[in-house]
Amino acid sequence: MEKSCSLLVHFDKATPALANEIKEALEANDDSLKIDAMKKAIMLLLNGETLPQLFITIIRYVLPSEDHTIQKLLLLYLEIIDKRDSSGKVLPEMILICQNLRNNLQHPNEYIRGVTLRFLCRLNETEIVEPLIPSVLSNLEHRHPFIRRNAILAVMSIYKLPQGEQLLVDAPEMIEKVLSSEQDASAKRNAFLMLFTCAQDRAVNYLLTHVDNIPEWGELLQMVVLELIRKVCRTNRGEKGKYIKIIISLLNAPSTAVIYECAGTLVSLSSAPTAIRAAANTYCQLLLSQSDNNVKLIVLDRLNELKSSHRDIMVEMIMDVLRALSSPNLDIRRKTIDIALELITPRNIDEVVLTLKKEVVKTQSTELERNGEYRQMLVQAIHSCAIKFPEVASTVVHLLMDFLGDSNVASAMDVIVFVREIIETNPKLRVSIITRLLDTFYQIRAARVCSCALWIIGEYCLSLSEVESGISTIKQCLGDLPFYTAPEEAESTDSSKKQQPVNSITVSSRRPAILADGTYATQSAASETAMSVPNLVPGTLASPGNLRSLILTGDFFLGAVVSCTLTKLVLRLEEVQPYKLEVNKAVASVLLIMVSMLQLGQSSFLPHPIDNDSYDRIVLCIRLLCNTGDDARKIWLESCRQSFVKMLADKQFRETEEIKAKAQTSHAQPDDLIDFYHLKSRKGMSQLELEDEVQDDLKRATGEFTKDADDANKLNRILQLTGFSDPVYAEAYVTVHHYDIVLDVTVINRTKETLQNLCLELATMGDLKLVERPQNYTLAPESSRQIRANIKVSSTETGVIFGNIVYETSNVHERTVVVLNDIHIDIMDYISPATCADVAFRNMWAEFEWENKVAVNTIIQDEKEFLNHIIKSTNMKCLTAPSALDGECGFLAANLYAKSVFGEDALVNVSIEKQVDGKLSGYIRIRSKTQGIALSLGDKITLKQKGGS
């Protein structure tokens, strides 16, 4: 059994000669040398050394010292040394220190008395403590409060010893008298704590006798009172009424810590609406009054718990919770919004949306460092509100559309995605949204936002006026054609300058240039003229065409989107425009735009030529306008919208399923063994009740509450470290607890000899670190011993633990070494499936620098079966919607995502193709921020991808 430790200091400098150096320094007359030597001795003892030869030296040369630092170090030394022998009896030499401790308890210096009393609180040896009791009791009436408060704690610790009640029979009565006359707040708190711990009935009587004075007591004493109330009410719930009155009176205490504890205690003891409402009000007041962000986050966690168990009451407090948005911290704002979104009802939706709108306007008027991120958060919240309650969409959509030109691309993207969803789900708003979108389209500066806005224009411009406005707006944003002029002869330079189109790329005339060798040559310089578009419709375009600027930078994907949008608008114009002449004009102008894009893309004046995909899309649009069939028209004008509607329905279905999954509670099966722990509903438990269960939870995590199933699982995870023919057999059970690994190693001596100085020496490879130094053991013939080793984990990486067992026998003086099998720590123990937005996935994919590319090599011949096998093997979640994986086309591409316990993101893209012979080929790409997770996950996939295992 491991010993409890009240002091831990890491120290690596351990050499055989160090003990002699310490001894010499302790024997010197220099106090500074003694202080350094005592510190080194203490650190060596804490790290596993015994140093028995130093005890007598310390008794002779350190004990008589009057230096306060030396006396403090001496007490630390006495605290950590072994005071009992192997049979459990107190060592005889420990009696030598009793006289010194008695002298310290009567010392004229208050500090010496106080630290000695504090030291007695850590002594468990009755034989040492018993002679000191009269001196301890005399300090209860000392004039200095520092000594009195430590004397009370010393009395409490002595009373709690196995024979303490016989040593101090009248201790509770004595402490109760001290409590009645004590004036110091800390000493009074310690006295009440002693009664609370050792004589609960006396503490309760004192509390009820002075119930009117409780609000005037100090903060420390009030905290102990709350702890006593919790304990009493748990054991005797019938008396909760009189104690709840005390708690409510403490809700107005000046100390915020007391107020916080009062609210928590109130929630744990009562589920009455008035009590819950009082606690929620208290939390909301703390949320506004406290400046510490950590405190606010903790209070928000408590409000979140109240939301889960008392939602009806928290719905009334939603506006008070939203006041926390005044904090500039993004984490607080995010958590506040998350809580508020789950408390929205038809009765408060208008107030919530109004508050969110005001916050959005604030982000526009103030310049803060992370304003764009906060605005994006608000946009997503408003989006969620509008989806749940469509009637509020009309009040927010036009406000948000002002942010389409936001410099924060993510925020603008959220706005346009919100607009796209609202325009489909709210048919009544389509006309007003399209009108507003066409009016503000010129403000958009991001290519991705432009692409989404163009898709909306192409799909939802239905009437004649909307179609014509859409075509006109796009033309204005593209500017005059062509986008550039071809090189002309030198003699026509002047005329070309006069006739060149505005906002186009022109090539100046050939003029002489002096080369490095001094000769003359001609050169062509591409220059872009001033970007201004004349003859614009007032109020529609006040700056250069945004589409033109983006296309001239080489963004031909946007050019392809423009072509597709214009094609849809022209096809719809054919249906709504009765005059064929107007339709032909529109077709000709759109064809001219597309041809100009192709001409620009194939020119040598841009840094990159047009890509093949964009080229093919633009050519397809040209062919479609030249020869339109009914089938093609149906695909372009109807199928795109149907796919979008299906995507929205699939998204809503997945969200509904996730809500159902969260709402489901696990139940014990009828034939399971009865476990009374399961009979207590955890759903209605408060945070304080859960804290009371922590000890049991820890025992379960470490395997102390093992049942038959747990034993079977443990047997399956045992790793054999040595062979059956080795003189020492060892096996290990590996337990992974997030940030550390516990190795429970069973070592069995299979020989007829006693093994001396047996040591389990371990070493690690990877981001693993041993915490403890190995200890030596003596193992009797054919006996066994449990050795526990703790290893810290700092990142998600496949690590290896290796080592050996070293021992000596009485016959052979040489050390024998048994090499252990390696223990491989699986990366899957640290990875758990997670979800993230598609935009966030793409951003991380672009930012992360580590990529591991694994070629597909499997016997599986079905694409979906292989994908499911990879998901199961890597413990990741597929972000690609199931509807997107339907059908049989011979290709499959899916994105997987997981998060480690260290907060690391793991991104995987699976791209596979079915060959003619039925085999699968392709690549699995892994990206992460750190090298370890990319390599380890790649090794895992390589090992598991073949299938059948």
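Throughout, residue positions are numbered sequentially from 1 according to the sequence presented.
Judged purely by atom type and a 3.5 angstrom limit, Thr880 uses its side chain to pair as donor or acceptor with the backbone of Asn895. Distance alone, capped at 3.5 Å, places no donor-acceptor pair between the Asp726 side chain and the Thr722 backbone. Put simply, the side chain of Ser603 gets close to the backbone of Leu600: a donor and an acceptor are under 3.5 Å apart.
Here the closest non-hydrogen pair linking Arg548 and Leu478 is NH1-O, 2.6 Å. Leu867 and Cys878 get closest at one heavy-atom pair: CD2-SG, 4.5 Å. Summarising the geometry of Asp414 relative to Gln380, their closest heavy-atom pair is OD2-NE2, 3.0 Å, with the distance given to 0.1 Å. Of all non-hydrogen atoms in Leu624 and Thr567, the two that sit nearest each other are CD2-CG2, 3.6 Å. Taking each heavy atom of Ala898 and Asn875 in turn, the nearest pair found is CB-O, 4.2 Å. Across every non-hydrogen atom of Trp636 and Cys621, the tightest pair is CH2-SG, 3.7 Å.
Among residues two or more places apart in sequence or in another chain, the ring pair (Phe, Tyr, Trp, His ring centres under 6.0 Å) test is passed with Tyr729 by Phe724. In terms of the ring pair (Phe, Tyr, Trp, His ring centres under 6.0 Å) criterion, Tyr923 has no residue partners (sequence neighbours excluded).
Here CD1 of Ile618 is found 13.0 Å from CZ of Arg623. Values are rounded to the nearest 0.5 Å. To the nearest 0.5 Å, atom NZ of residue Lys940 and atom CG of residue Leu935 are 15.5 Å apart. Atom CG of Asn909 sits about 6.5 Å away from atom CZ of Phe841, to the nearest 0.5 Å. With values rounded to the nearest 0.5 angstrom, Lys899 atom NZ is found 9.5 Å from Leu907 atom CG.
Residues Val800 and Thr764 are not in side-chain contact: their nearest non-hydrogen atoms beyond the backbone lie 4.5 Å or more apart. In this structure the side chain of Ile871 never reaches within 4.5 angstrom of the side chain of Lys877, judged on heavy atoms. You'll find the side chain of Leu648 reaches within 4.5 Å of the side chain of Glu421, heavy atoms only. Considering only heavy atoms from C-beta on, Arg925 stays 4.5 Å or farther from Asn852 through its side chain.
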Evaluate the criterion side chain to side chain contact (heavy atoms under 4.5 Å, CB included) for residue pair Met876 and Val908; output intermediate values, then yes/no. CA-CA 9 Å; Met876 304 188 81; Val908 172; 3.5 Å; yes
Kindly indicate, with the supporting measurements, whether the criterion side chain to side chain contact (heavy atoms under 4.5 Å, CB included) is fulfilled by Phe891 and Ile912. CA-CA 6 Å; Phe891 296 93; Ile912 49 180; over 6 Å; no
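For Lys919, the NZ atom counts as loosely surrounded, since its 6.0 Å shell holds 12 or fewer non-hydrogen atoms of other residues, nucleotides or ligands. Shown here is Lys646, whose NZ atom has no more than 12 heavy atoms of other residues, nucleotides or ligands within 6.0 Å. Atom CZ of Phe848 is surrounded by more than 12 heavy atoms from other residues, nucleotides or ligands within 6.0 Å.
Counting only N and O atoms by type, the side chains of Gln915 and Ser921 include a donor and acceptor under 3.5 Å apart. In this structure, a donor-acceptor pair under 3.5 Å is absent between the side chains of Asp616 and Ser614.
For the side-chain contact (heavy atoms from CB on, under 4.5 Å) with Leu454, the lone residue among Val449, Ile444, Leu569, Val561 that qualifies is Val561.
We find that Glu373 and Arg334 are joined by a salt bridge, their nearest charged nitrogen and carboxylate oxygen being less than 4.0 Å apart. Salt bridge Asp838/Arg842: present, at least one basic N to carboxylate O contact under 4.0 Å. Salt bridge status for Lys929 with Glu904: absent, with no side-chain N to carboxylate O gap under 4.0 Å.
For the pair Arg333 and Tyr374, the distance from NZ or CZ to the six-membered ring centre is under 6.0 Å and the angle to the ring normal is within 45 degrees. Both tests hold for Arg641 against Tyr460: distance to the six-membered ring centre under 6.0 Å, angle to the ring axis within 45°.
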